[in-house]
Structures are given as C-alpha cells and as structure tokens.
Amino acid sequence: MPLPKFEYLSPKSLEEALQLLADRGEGTHLLAGGTDLLVKMAHGHLKPRAVIALKQIDALGGIRFDPGKGLFIGATALLDEVASHPDVKAHFPSVAYAAQQTANVQIRNMGTLAGNLCNAAPSADNAPVLTAMGAEAVIAGPKGERRVALDRFFKGPGQTVIEPGEILTAVHVPVIPSGFGTSYQHVSPRGKVDIAAVCVGAMVGMDGATCKEARIVLGAVAPVPMRAEKTEALVRGKALTPEILEKAGRQASEEARPISDMRAGAEYRKRMTAVLTGRALKQAAEAAAN
Amino acid sequence: MVLLHIIVNGRGYDLQVGADPHQVDPAHTLAYTLRETLGLTGTKIGCNHGGCGACTVLMDGVPVLSCLTLTVECDGREIVTIEGLSPPEGNDLDPLQRAFMDHGAFQCGFCTPGIILTAKHLLDRNPSPDAETVEEALSGNHCRCISHYQVVQAVLAAAGTEADRDED
Amino acid sequence: MEPFQMIGKDVPRNDARAKATGTAAYADDLKLPGMLHGRILRSPLAHARILHIDTSRAEALTGVRCVITGQDIPQVKYGNWRLFPDTQDEYALAVDKVRFIGDEVAAVAAVDKDTAQEALELIDVEYEELPGLFDVESAMAGDAVPIHDHCRNNTSVNRKIAYGDVEKGFAESDYVREDTFRVHAVSHAYLEPCSALAQLDLDGRITLWTSTQVPYIVQCLLASTLEMRENDVRVIKPYVGGGFGGKMELRTWEFCAAFMAKRTGRPVKFTLNREEEFLAGRRRHPMTIHSKVGFKKDGALVAKDLKITLDGGAYNAMGPTATFLCGNFGAMLYRYPNYAFYGRHVYTNKPPASAMRGFGAPQSLYASEIQMNMAAEALGIDPVDIRLKNAQKSGDKIPDVATISSCGFTESIQEVARMSDWKKKRASLGPGRGIGIGCYSFISGGVFNWFNTQYPFSAAEVRAFSDGTVHLLTMASDIGQGSDTALKQILAEELGLRMEDIRITSADTAMTPQADLGSWGSRVTLMAGNAVVDAARKIKERLFGALSARYNLNVIYEMECREGRVQPKGRPDRGMSFGEAVAMVQKASRGEPLVARGSYTPRDKGLVTPAFGFGAQVAEVEVDRQTGLVEVKKMWTAHDCGTVINPKGVEGQLAGSIQMGLGYALSEQFVMEEGRTLNTNFLDYKMPTALDMPPGEVVHVETYEPEGPMGAKECGEGLASPTAPAISDAVYHATGYRCKDLPITPEKILEGMNAGGKKKS
C-alpha cells in the first residue's frame with residue numbers, strides 16, 4: 001500500500017523543531033529512524049498530517065560519554081552506533097548488548113535507541129536494562145527541558161509521558177557505580193531474530209557475595225516495562241545462591257502481569273520471567289564482581 | 001521549489017519535491033523512487049514493511065531498507081543499488097556477484113540484490129568474516145528458496161575465507 | 001554406462017548473471033506506456049451474502065479508469081480440475097457471497113496506485129452476514145450453513161483407497177495403535193508477491209505477463225473466464241520469485257488485469273502487497289489425521305487405516321489433488337499389505353488452502369513417521385531398524401499405483417544412520433540433547449490429468465543451426481528452481497554440446513510448444529526433460545542420417561554426438577562438427593530448417609506418478625529445558641533423486657526444504673481469530689533466518705530411474721517432508737515430549753515435560 005500523504009518538515013535546530021511542532025499541532029509526528037513510524041503508516045494505522053524529521057538537527061545526534069556524568073545518547077543516535085560505540089561497549093556493556101539484540105542489521109542502521117523507547121512497545125529491547133540502570137529521558141518542550149526517569153516514562157503500549165509539543169532529545173545513563181553489574185536477558189520462542197516474548201534487565205550492587213542493591217525490570221509482561229519491586233526487596237541483603245535466584249524468579253513471575261498474544265501465551269511468559277530474572281541476576285552479579 | 005540532490009550509483013540526480021507525477025512526493029519511499037522514478041528495478045519489494053530485506057540498498061555504504069526510508073530524507077546521500085555494484089563500464093562484476101554466480105547462491109533471485117548489498121557492507125567492514133558472522137549479518141534478509149547455505153559459502157568465497165566454514 | 005559430459009556438473013545457472021546484477025525482470029518490474037494500476041477490494045467478513053455494491057463514488061474519483069464487480073464479468077467459474085466441473089467453484093470476483101476474510105469483491109484500475117487505493121475506500125458494499133464456520137467439525141455438522149450451495153456437509157471431495165483387508169490385518173497384528181494428529185497451515189512465503197500485467201492488442205487479443213508456475217493452465221482458464229478462444233490469450237512467465245505451489249492456479253488479479261485491459265484498452269498491472277498475501281493468500285492444508293496401524297512383533301507392518309480430513313478453506317483450489325495425494329503418501333514409503341484411506345476435503349470460512357511444496361505429503365508423513373517411532377518404541381525396536389524392515393524397494397508394486405522402478409530408500413536410511421552416528425547418539429546423548437529421524441517418498445510428477453489437457457504433458461522444440469548452436473523452446477516454467485538450466489544440461493548432454501551453444505526460450509504460450517502442465521508435483525525434470533530428450537533424439541537421427549550418407553557408412557554403425565562433433569562411435573575420423581552436420585541436413589532438405597518436436601506423457605504408469613523419490617533425514621537438537629527453546633544443531637540427509645543433473649541445484653532444493661521444514665516444525669503458523677489471519681507481516685509470521693539454519697551434511701544416493709531423462713527423478717518436494725518429523729522425534733528424544741499437533745512450541749515442550757514426559761537425566 002502506498003504511504004498516506006503528509007507535509008514533510010526538516011528543521012535544522014531544536015528551537016525550530018519545537019516551533020513547528022507547536023504550529024502544526026495535532027496530527028504532527030516526529031521522525032527519527034522511521035522504522036516504527038513508516039511501518040505504521042505503511043499498514044495504514046497512522047495517517048499523519050505533518051512529519052517533522054529530526055535528522056538534520058545536529059544537537060540531537062551522537063553519543064557522548066563523560067566519566068563523571070555518564071552517557072548521553074542523542075535522539076537520532078542509531079541502534080548500530082550504540083551497539084558498536086567503544087565507550088558504550090566498555091562502560092555500559094548491557095546497553096550495547098540490548099541495542100545489538102534489537103531487530104536486524106538494516107533496522108539497527110536506521111532505527112534509533114530513542115525511537116525504540118518512544119515507540120513504547122512493551123517488548124522494546126532497550127527499555128528494561130536502561131530502566132534498571134536509572135536512565136532518564138531528556139525532554140525539551142516549550143517550557144524548557146525536563147528529565148524523567150525511565151521507570152516513570154512509559155504510560156502504556158505506545159504511550160509515554162512526552163506531551164504534545166515536546167521532543168525527547170537524549171537518553172542519559174548514569175555511570176555504573178563500582179561494585180555494580182548489569183545484564184539484559186531475552187527470549188524469543190520463534191527463532192533467533194525475533195521480537196522478545198519476555199525480556200529482563202537487571203542492575204545489582206554486590207558486596208562480596210551479598211546483594212546490597214538490585215533493580216529488576218521486566219519487559220513484555222505488562223503494558224509497560226515494569227520494576228519488579230518485591231523481587232528487588234527479596235534479593236536485597238542476601239547472597240545470590242541458586243535457591244535465592246530461584247525464589248527471585250518465582251517472585252518476579254508473580255509480579256508479572258502478561259497477556260497471551262501471537263508471540264507467546266501468558267503462562268509461558270510467567271515461566272520465562274522466572275527463568276530470565278534468575279539468569280539476569282546471576283549475570284549482573286558476575287559482572288559486578290569483575 | 002525544494003530540490004533534493006541524491007547520488008545513485010555514482011550519478012547525481014536533482015529531484016524536485018512536490019505532488020506532480022514527475023516529482024518526489026514526501027510520501028515516496030526510496031524504494032519507490034528507485035523503482036518507479038529512476039527505473040532501477042533491481043531493488044525488490046518483498047513486503048514494503050521492513051520485514052524481508054529484499055529492498056536493501058547501501059546508503060553512504062551502509063545497508064538500509066529502502067522501503068522504510070523516505071526519499072526526502074536522502075538529500076545529499078549516496079545510494080548504491082545492485083545495478084551500481086559493478087563498475088558501469090565493461091563486464092566486470094563485483095567479487096561478491098561472481099561468487100554468487102559460481103556458488104549458485106540463489107534460485108528465484110528475488111532476495112539476491114538485497115543479500116549481495118548487505119554482504120558487501122559486511123565485507124567492507126570485516127574482510128575476513130567467519131560463517132557465523134555472515135549468518136548474523138544476513139539475518140535481516142529472508143530467503144525462501146535455498147535459505148542461506150550456498151549464500152554463506154558464496155560470501156565466504158568472496159572474502160577468501162571459505163575454508164573457515166565449519167560444518168560442525 | 002558411459003560417463004556423462006554435462007550431467008552431474010555444477011554448470012552456472014542460466015540466469016546467474018541476470019540475477020546477480022539485478023537485471024532479471026519480474027512481473028512488477030515491467031512497465032508499459034499508459035499502464036494503469038489495479039487494486040482489489042476484499043471482503044472484511046468471513047461469510048456473508050452480498051446485497052448491493054455501489055461503485056459510483058469510486059468511479060467519480062479523478063484518475064479512476066475502471067471499476068468492476070462480480071456483476072460486470074462473465075459468470076464463469078474456474079478451477080484446475082476441469083475434468084470435473086463440479087469442483088470448479090470460484091469466480092474471479094464474488095458474485096453472490098463472500099466466503100472468507102479477504103475474498104475478492106471488486107477491482108479498480110486507476111492512473112496510479114494511490115488513486116486506485118483511494119478508490120477502494122469509496123466502494124460501498126452492503127452485506128448480510130452469515131454464520132462463519134472456522135473448523136472442519138462445525139463445517140461438517142448436520143445443521144451447518146452450506147458455504148457453497150451445492151455442497152452437502154460442506155464436504156466437497158471424498159476419496160477412498162482400499163486394498164488387502166485391513167480388518168483382517170489388524171486381527172492378525174500383534175500390536176495395534178491409533179493416534180490422531182493435527183497439522184497446521186503455513187504460508188508459501190515466496191519473496192515475490194503475486195503480480196500480473198495485461199495488454200490488449202489491436203485485434204482484441206490479450207497478452208498477460210504473470211508470476212505463475214503454470215502459464216498453460218492460466219492461459220486456458222483465463223480464456224474460458226473471459227469467454228475468449230484459448231489462442232487469443234498469450235501468457236508469458238517472466239522471472240518468478242518463487243512459488244512453492246502458491247502460484248499454480250488462475251487467480252483474480254490475472255483475470256482482472258486482462259478483463260480491465262479489454263475494457264479500457266490500456267495495459268493494467270496488479271501487484272499484491274505482503275499483507276494481502278498473508279491475509280488472503282493460499283496456504284498449506286491443515287489436516288486432522290486419524291491413523292490406525294498394526295504390526296507384527298518383529299516390526300513388520302500388517303495394516304493401516306488412515307482417515308484424513310482436510311480443512312480446505314473457502315474454495316477447492318488445489319485441495320482435491322491434496323486430498324487424493326495425501327492418501328497415496330500414507331502408503332508410499334513402506335510396504336502395507338492391507339491399506340485403507342478415507343479422505344475428505346471440507347470447506348470452511350477461511351482463506352483457501354492449496355498446493356504447497358509436498359502437496360499433502362508433509363502432513364501425511366508427519367503423522368506416519370511420528371507414529372512409526374511410537375510403534376518402534378512400544379515394540380522395543382530401533383526407529384532405524386523398523387524402517388529398514390518395512391522400506392519399499394525397487395520392483396515393489398504399490399497396489400493401484402505403480403511398480404517402483406528405482407528406489408534408494410534402504411541405502412538412504414543406512415547412509416543417514418551412518419553419517420549421524422545414529423546408534424551411538426540415540427543411546428548416549430546428554431541431557432537436553434536428542435536425535436530423531438524422518439523419511440519420505442515423493443512423486444516425480446502426476447499421471448492424473450484432471451486438468452483435461454488435450455496436449456502432451458510436456459513438450460519441447462529444438463531448432464538446430466549450422467553455426468553450431470541450438471535453440472530450445474519449452475513451456476516448462478523456471479520459477480527459480482533452475483529448470484531452464486537443467487533442461488539445457490539435458491539437451492547439451494544429448495547433443496554433445498556446451499551450455500553456451502544453447503539458447504532457451506521458455507514458458508511463453510504463444511512461442512513455446514503446446515503444452516506443459518507447469519512446475520508443480522516435482523514433474524519438470526522428468527517430464528520436460530524427457531520431452532527434450534525426445535526432441536534431441538529426433539535431431540540426432542537426422543544428423544546421423546546425413547553423416548551416414550556423407551561417408552557411406554555401414555548401417556550397423558552406432559553414432560554419437562559428442563564434444564561438438566557428430567561421429568560414428570570409435571571412428572572420430574569419420575565425423576564432422578555439429579554445425580557442419582546441421583548444414584548438411586539443411587542442404588539435403590533444400591533449406592528447410594532443422595527443427596524437431598519432442599513430447600512426454602506418462603503412459604502405463606498407473607494414475608499417480610511415473611517415478612518415486614526417496615530419502616531419510618536425521619536431526620540433532622538441543623533443548624533448553626528451562627525455556628523450551630529448540631536449537632537444531634545439525635541435519636543429515638541422504639536421498640535418492642536418481643541421477644543428479646545439477647548438484648548445486650539439488651543442494652539448493654535440499655537447503656530450502658530444510659528451511660521450510662524447520663519453520664513448519666518450530667516457528668511458522670497462521671494466527672487466526674474468527675477466520676481472520678492476524679499475523680500478516682514478516683515480523684509476526686516467523687520464517688527461520690540465516691542464524692536459525694543448522695549446518696548439514698548430505699549424501700545423494702544415486703539410482704538410475706529408467707523412466708527419467710538420464711535416470712533422473714524428483715528432488716524438489718519430497719525433502720519438504722522429513723525435516724519436521726525428524727526434529728519432532730529429536731525433541732521427544734531430548735525431552736520426552738511427543739508432538740502430535742504442530743508446530744512444536746517451547747510452551748508445548750515445557751508443558752509436555754511437566755506432564756510427565758519421559759525424563760532423561
């Protein structure tokens with residue numbers, strides 16, 4: 001099917017983009033990589049009146065790492081850039097890994113990490129581990145800039161806290177404190193390159209064998225990527241023995257609220273939540289030790 | 001009048017943006033422009049929703065899906081399609097094209113242009129990949145006829161690393 | 001036998017350069033001046049009566065040139081079983097009713113695709129919804145609404161096979177078991193969506209370029225639905241991006257393109273999009289398979305009673321043939337002294353199922369191969385041994401079918417067991433690992449002639465030239481499988497020429513000799529190959545005659561065409577070049593070109609097939625016992641396709657079969673809700689990717705098939721069957737979960753393991 005017609009706008013600055021967004025109003029959509037927007041348009045699910053392309057805005061591009069402030073991933077930074085960036089690989093390996101696990105080569109060359117978050121699919125590969133790491137969305141709007149932690153960013157499938165007139169300009173990932181480790185785990189029952197049926201991101205802080213801090217985020221088992229807070233409480237202060245990991249898995253599985261869809265049934269998703277939570281905690285703890 | 005300057009297979013095109021039949025509408029995908037406006041039908045449309053990889057072209061050397069790329073986003077970009085892979089003069093072929101021919105790395109051939117271009121980028125980045133790297137690189141290109149055995153062999157042959165193919 | 005010169009060689013494909021450089025033109029790549037673009041309006045309802053269609057708003061839209069509905073076209077039903085008009089149940093556009101979501105209701109042709117699409121939204125259709133029937137049980141119920149008025153119990157075709165005495169057989173058996181298997185629908189998922197372009201000439205004749213496996217069938221059925229004479233329709237097959245059985249009937253867009261070209265005088269092209277292909281496209285038949293089988297203690301088969309119900313969807317399509325064949329496949333692989341089959345083809349309000357690679361065999365053999373393993377286990381016999389005991393052999397006669405003239409099945413089983421180290425692995429693989437076997441037999445084309453062609457099944461014309469070249473014309477359709485290359489190899493072998501000496505024109509109904517039934521049922525190599533050999537031999541006779549006269553040779557000399565020369569065997573000094581010989585024939589007939597026609601129609605070969613392919617496959621898997629994920633670690637294949645014409649071509653068929661088999665077993669399915677296909681894109685319809693493909697090892701068990709050209713027979717479809725049962729058996733070996741309802745999902749594996757599947761530790 002041909003794409004529906006729309007007005008195409010390509011501002012050169014963030015200010016211009018915000019102005020255009022305000023002027024055009026309802027029915028205006030932002031275009032970064034296009035791998036989600038154009039699919040929706042191709043299927044006829046979305047008929048925007050205007051499309052504002054962000055790629056010409058230099059300030060929105062690139063990946064910056066500052067040992068003190070952490071990582072800034074610009075709104076138009078491609079998934080492939082995130083996956084292959086030396087600083088991301090060195091200091092945020094699970095962020096690079098999650099980006100690497102998103103879709104396939106071509107999509108990673110076109111799609112952006114920010115777009116993956118804004119699309120707000122419950123199964124978004126990049127959401128769980130970034131959320132677990134306390135990453136925040138940097139959002140520009142008519143009233144200036146605000147920052148929203150990712151665990152408050154998602155409101156529902158396809159919905160975020162971004163208001164009409166606002167633009168997500170970057171994702172900020174704080175430095176991983178010493179003694180902390182992260183992990184991203186996902187399972188796709190229909191082959192190696194597939195949308196995740198369940199995904200889990202974890203960050204744990206270890207003191208020897210004891211877990212002193214844990215943040216666990218479950219993807220594709222609720223309308224939004226969700227913190228498994230009871231599971232976090234369960235492991236906090238405990239040694240991550242196989243027994244505790246199994247208990248944590250069971251707890252996470254109880255917290256999960258999955259649905260059945262064409263990718264997996266709810267019951268399977270619950271079981272996988274348990275398996276992946278255990279695996280994520282184990283891997284994160286190992287990473288913390290290194 | 002907005003003009004787009006796009007280099008396709010080494011040749012520059014100045015395209016007008018607009019709604020007339022000879023112009024590029026903002027809703028035109030790069031796949032559409034290549035096939036319908038420039039007559040480069042070597043770029044195939046297998047799904048038009050980014051799911052099969054048949055429409056893959058190189059943009060500034062990197063494989064992208066032309067069905068999910070707006071032509072108006074390509075201003076100043078350099079595009080290579082299957083028609084532009086081999087030098088325009090003479091009968092020379094890219095080593096990948098030759099390897100695909102020698103290895104019978106296609107049957108129906110509909111996925112072939114996209115696969116060859118994806119492989120081209122892989123070899124540009126990594127001149128001596130192993131089989132698994134090739135498989136990973138091609139995992140966004142569907143092939144229903146022969147799947148990827150002979151394709152992987154052809155890519156390894158073009159890279160000169162065919163012997164690395166580990167059957168176990 | 002003398003070694004072949006061209007057969008068995010990895011010659012480059014005929015289309016290699018065109019496909020590697022992007023110059024190969026497929027139907028949607030073709031453009032004609034003034035061409036209009038067509039789109040089809042599809043039914044949003046699964047079952048409804050059409051009360052009224054108002055096209056006036058669409059017609060008024062600027063740029064729209066033609067809008068048609070079922071009321072505008074000749075009301076001629078079509079279907080591939082012309083011999084039985086009752087089975088022809090489809091109109092190009094719905095006339096009275098719609099029968100599935102996606103059924104074709106109207107068509108628009110406009111100056112561009114956007115306009116055509118916009119016009120579709122302006123067509124108003126008033127429906128009266130009827131109850132939808134979405135499974136065979138409710139469709140066959142006594143009070144079910146008939147989907148087609150003429151058809152009671154919605155059962156459109158019945159077929160029985162019976163020989164021996166199954167009841168007596170079961171009574172004599174030491175071990176009898178009964179199982180029910182359910183297998184699901186999958187998509188052909190050819191990469192090229194269907195596309196057709198029609199042009200009207202000044203005399204009112206139609207030329208149609210279309211992505212098809214069967215140009216001759218499209219020609220005939222298009223002519224009848226347009227109420228034209230057959231020869232006033234010319235069908236040309238351009239490059240085709242795969243078919244797998246999904247492009248072997250006349251389809252709506254082919255009719256609409258031609259009909260609207262006649263109406264408007266302008267060329268009209270239709271190209272489907274992928275959503276339409278998934279939403280409304282043909283698919284492999286889901287089947288419910290009830291099988292009762294009896295053995296002696298030693299594993300010898302005594303009897304089988306097979307009942308299969310095919311979920312045909314809304315129209316017959318190729319369902320009658322699948323119904324016929326799945327019964328034959330039930331008893332083609334092993335010797336059954338007593339056999340009974342009852343097959344029913346049932347209409348439901350779903351997209352029509354049709355032919356798909358294997359044509360009933362993947363379904364039928366999934367059940368029979370799994371059941372064989374279950375029986376072997378119960379009898380305490382190794383799955384390999386029980387197969388060897390019952391395997392068909394050369395010379396075996398399948399009652400009412402044919403005598404198997406060549407059969408490398410036993411060798412295939414032995415080879416695959418040897419390669420995979422079967423006995424050791426079956427006994428000793430570690431936890432989560434398993435190994436399993438699946439086997440197949442398949443037809444080399446059908447003998448049945450339900451299309452009722454008046455022509456030979458395949459034909460070839462060879463034109464020989466004094467410059468040493470020949471031109472081969474054949475209606476055989478290369479849809480990617482490589483038949484153009486294989487037929488050239490056969491001709492080159494027969495005439496002692498090189499590939500570059502041969503030009504080929506294929507699959508143009510106005511140019512290539514009548515007729516060819518198309519590319520399906522693994523018929524092309526054997527049937528079109530035989531036609532080529534027949535034509536080539538007629539050419540050779542003429543050349544030998546000329547040579548004989550030139551050198552005044554004794555009539556007892558055997559002659560040959562070899563390495564570009566025509567010569568008496570053993571007397572190269574008395575030979576001449578191929579071109580010189582052609583010139584001499586031409587001189588002798590005062591300038592008449594040297595042309596010969598050849599043909600092939602199977603005769604005295606029963607009603608099923610002239611030759612059988614066989615093979616066996618072993619899969620090794622690793623199952624993650626926590627996630628239920630299956631990774632296929634390796635596939636070993638040994639198969640008998642007779643003489644291998646082109647090794648890379650055969651390997652390609654094998655590789656593609658493994659990919660389809662892997663998808664059939666593990667990842668591919670249509671998710672349906674009330675007759676609607678929900679997964680209509682490649683993200684949600686999961687085909688295996690390059691990363692999912694296991695490494696493989698293959699042995700061609702070469703036999704010589706006396707009915708085939710140079711001893712060749714099928715290799716394209718049989719291999720579509722063994723992969724799923726082999727993987728399924730390996731999953732059972734690894735986990736204790738026995739899958740009787742495809743696909744095998746991680747969810748089912750975990751559930752099956754929980755339900756007390758035999759634990760391996």
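In what follows, chains are A, B, ... by sequence order, proteins preceding strands, each numbered from 1. Atoms considered below: every heavy atom in the structure, side chains included; atoms not considered: hydrogens, waters and symmetry mates.
In terms of non-hydrogen atom pairs under 4.5 Å with chain B, the most contact-rich of C/Ala189, C/Ala24, C/Pro12, C/Ser657 is C/Ala189. Contacts with chain B were tallied for C/Gln481, C/Gln659, C/His188; C/Gln659 has the most, counting heavy-atom pairs under 4.5 Å. Comparing B/Glu136, B/His49, B/Gln97, B/Lys44 by heavy-atom pairs within less than 4.5 Å of chain C, the highest count is held by B/His49. Counting heavy-atom pairs under 4.5 Å between each of B/Arg98, B/Met101, B/Glu83 and chain C puts B/Met101 at the top.
Atoms CG and OG1, from B/Asn48 and C/Thr271 in turn, are 11.0 Å apart once rounded to the nearest 0.5 Å. Taking SG from B/Cys52 and CE from C/Met687, the interatomic distance works out to 8.5 Å, rounded to the nearest 0.5 Å. The distance from atom CZ of C/Phe244 to atom SG of B/Cys108, rounded to the nearest 0.5 Å, is 6.5 Å. The CZ atom of C/Arg274 lies 11.5 Å from the SG atom of B/Cys67; values are rounded to the nearest 0.5 Å. Rounded to the nearest 0.5 angstrom, B/Cys145 SG and C/Gln653 CD are separated by 8.0 Å. Between atom CZ of residue B/Phe100 and atom NZ of residue C/Lys19 there is a gap of 13.5 Å, rounded to the nearest 0.5 Å.
Partner B/Tyr149 forms a side chain to side chain contact (heavy atoms under 4.5 Å, CB included) with one of C/Ile658, C/Val698, C/Leu654 and no other, that one being C/Ile658.
For C/Ser187, the part lying near chain B is the backbone, with the side chain staying farther off; criterion is any non-hydrogen pair under 4.5 Å. For chain B, no part of C/Ser195 is nearby; none of its heavy atoms comes within less than 4.5 Å. For a residue to count as touching a neighbouring chain, one of its non-hydrogen atoms must lie under 4.5 Å from one of that chain's; by this rule C/Glu651 touches chain B with backbone and side chain alike. Proximity to chain B (any heavy atom under 4.5 Å) is restricted, for C/Ile479, to the backbone atoms N, CA, C and O. Of the two parts of C/Asp28, the backbone and the side chain both hold a non-hydrogen atom closer than 4.5 Å to a non-hydrogen atom of chain B. For C/Thr21, the parts lying under 4.5 angstrom from a heavy atom of chain B are both the backbone and the side chain. Heavy atoms closer than 4.5 Å to chain C are found in the side chain of B/Thr112, but not in its backbone. Only the side chain of B/Gln150 comes within contact range of chain C, with heavy atoms under 4.5 Å apart.
Listed here is the closest heavy atom pair of B/Cys111 and C/Leu191: CB-CG, 4.4 Å. The two residues C/Tyr685 and B/Arg144 come nearest to each other via the heavy atoms OH-NH2, 4.3 Å.
Put simply, the side chain of C/Lys648 never gets that close to the backbone of B/His103: no donor and acceptor are under 3.5 Å apart.
Using cut-offs of 30° and 60° for the angle between ring planes, the B/Phe110 and C/Tyr26 rings count as perpendicular.
The stretch residues 22-43 of chain B places B/Arg35, B/Glu36, B/Thr41, B/Gly42 near chain C, each with some heavy atom under 4.5 Å from a heavy atom of that chain.
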